[in-house]
There are 2 protein chains.
Amino acid sequence: MTNHIRETYKDSAGLLRVISHPVRLAILEILEANNEMCVCHLEAILGYRQAYLSQHLMCLRENELVSDRREGRNVYYRMKEKGVIPIIKETKKCTSTKKIDFQAIDCNCPECESKISKQEKSDQHRGKKING
Amino acid sequence: MTNHIRETYKDSAGLLRVISHPVRLAILEILEANNEMCVCHLEAILGYRQAYLSQHLMCLRENELVSDRREGRNVYYRMKEKGVIPIIKETKKCTSTKKIDFQAIDCNCPECESKISKQEKSDQHRGKKING
DNA sequence: TTTTCATATTCGTTATTACGAATATAATAA
DNA sequence: TTATTATATTCGTAATAACGAATATGAAAA
């Protein structure tokens, strides 16, 4: 019986183990909210060193929870296993974790550049200051 | 931002960590299916050493996922945080883990004794053999 | 009041994971 | 080419978790 049970719950336990880390949870939630996101963007939002994030991304990638796509020098990540979304949702419900509004802070990837310049224009109209 | 996020997901990650173990998952599923269960029963079902199970029960208890109640020499455990049930359900969905029918095998706790003797009676009527 | 039974706890070792630092690679620009 | 930028990987150490073995505790039986 013993090994039978171990075998049965091995995969589930493994999946839970992979997502049982605050940084990986944050990455997954960001990807859920943003469809696709480049690494520099994740860096800007989360404020962790690139190499550190990359390690967590590797973990998520190797466990097939996310997929990556290179475009020039940038690499874009997206959710691959959408099944984790309800797991995380139920978990947050259970721990009454509030929602975070993930906003990028200072990202220069092509996509952000265009967004920022758009933002700059509209902010200039209202006399706002950017980047500092 | 960094510590903010870490803090936010700390509890969720912690909860997931606690349930990210095959034996603890199995215990939780048994408790879900059986309302209340004594340790000897868990031993019989799972086939692990008592001390080993007790360690996992301690982990679940300390993290307030289960509660315990002593009755004579037996200790009965039950689910305390029902919120983990949907988490586990979604996880199993995600890993396509099949359902296990948890059946006790050879347990002598008072409750089982009475069940077994009832069972023996009805089985004797049908000429079945028990325990061997 | 000693023994027995059910269960819990502690301790030590091994295995696994986290994470910083350094380095590698892939794409583009100079 | 060489430099630069974005990202990945590897490596070492520290922290944590798993688990076996031994032992402790609490309740009841003898």
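The chains referred to below are lettered A, B, ... by the order of the sequence lines, with proteins before strands, and numbering in each begins at 1.
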Give, for atom CG of B:Leu16 and atom CZ of A:Arg24, the distance between the pair rounded to the nearest 0.5 Å. 10.5 Å

On the nucleotide C:dT7, are OP1 or OP2 found under 4.0 Å from the side-chain N or O atoms that B:Asn74 carries? yes

So B:Gln55 and B:Tyr48, do their side chains get closer than 4.5 Å, heavy atoms only? no

Between A:Glu32 and A:Arg78, does any NZ, NE, NH1 or NH2 come within less than 4.0 Å of an OD or OE carboxylate oxygen? no

Polar contact flag, side-chain donor to acceptor under 3.5 angstrom, B:Ser20-A:Ser20: no

Nucleotide C:dT7, atom P - distance to CD1 of B:Ile27 in whole Å: 13 Å

Strictly under 4.0 angstrom, non-hydrogen atoms only: write out the protein contact profile of nucleotides 24-30 of chain D, one letter per nucleotide from the 5' end, B, S or -. ---BBS-

Atom-pair distance (CD on A:Gln50; P on C:dC19), nearest Å: 16 Å

In B/S/- notation, 5' to 3', how is nucleotides 14-21 of chain D contacted by protein heavy atoms closer than 4.0 Å? ----SBBB

Rounded off to whole Å, could you give me the CG-to-C1' distance for the B:Leu16 and C:dT17 pair? 16 Å

Could you grab the distance from atom CG of B:Leu31 to atom OG of B:Ser67, nearest 0.5 Å is fine? 9.0 Å

Any chance the side chains of A:Thr91 and B:Ser12 put a donor and an acceptor closer than 3.5 Å? no

Can you find a side-chain donor-acceptor pair between B:Arg61 and B:Tyr77 that sits under 3.5 Å? yes

Calculate the interatomic distance between A:Ile19 atom CD1 and C:dA18 atom C1'; express it in whole Å. 18 Å

For B:Met58 and C:dT7, give me the distance from atom CE to atom C1', rounded to whole Å. 11 Å

Flag the pair B:Lys99 and B:Glu29 as a salt bridge only when some basic side-chain nitrogen lies within less than 4.0 angstrom of an acidic carboxylate oxygen. no

Starting at atom CG of A:Leu53, determine the distance to atom P of D:dA8, rounded to an integer number of angstrom. 10 Å

Taking only residues two or more places apart in sequence or in another chain, which ones pass side-chain hydrogen bond (donor to acceptor under 3.5 Å, both in side chains) with A:Arg69? A:Glu36, A:Glu71

What is the distance, rounded to the nearest whole Å, between atom OH of A:Tyr76 and atom C1' of D:dA8? 17 Å

In this structure, how many angstroms lie between the C1' atom of D:dT7 and the CG atom of A:Leu57, rounded? 10 Å

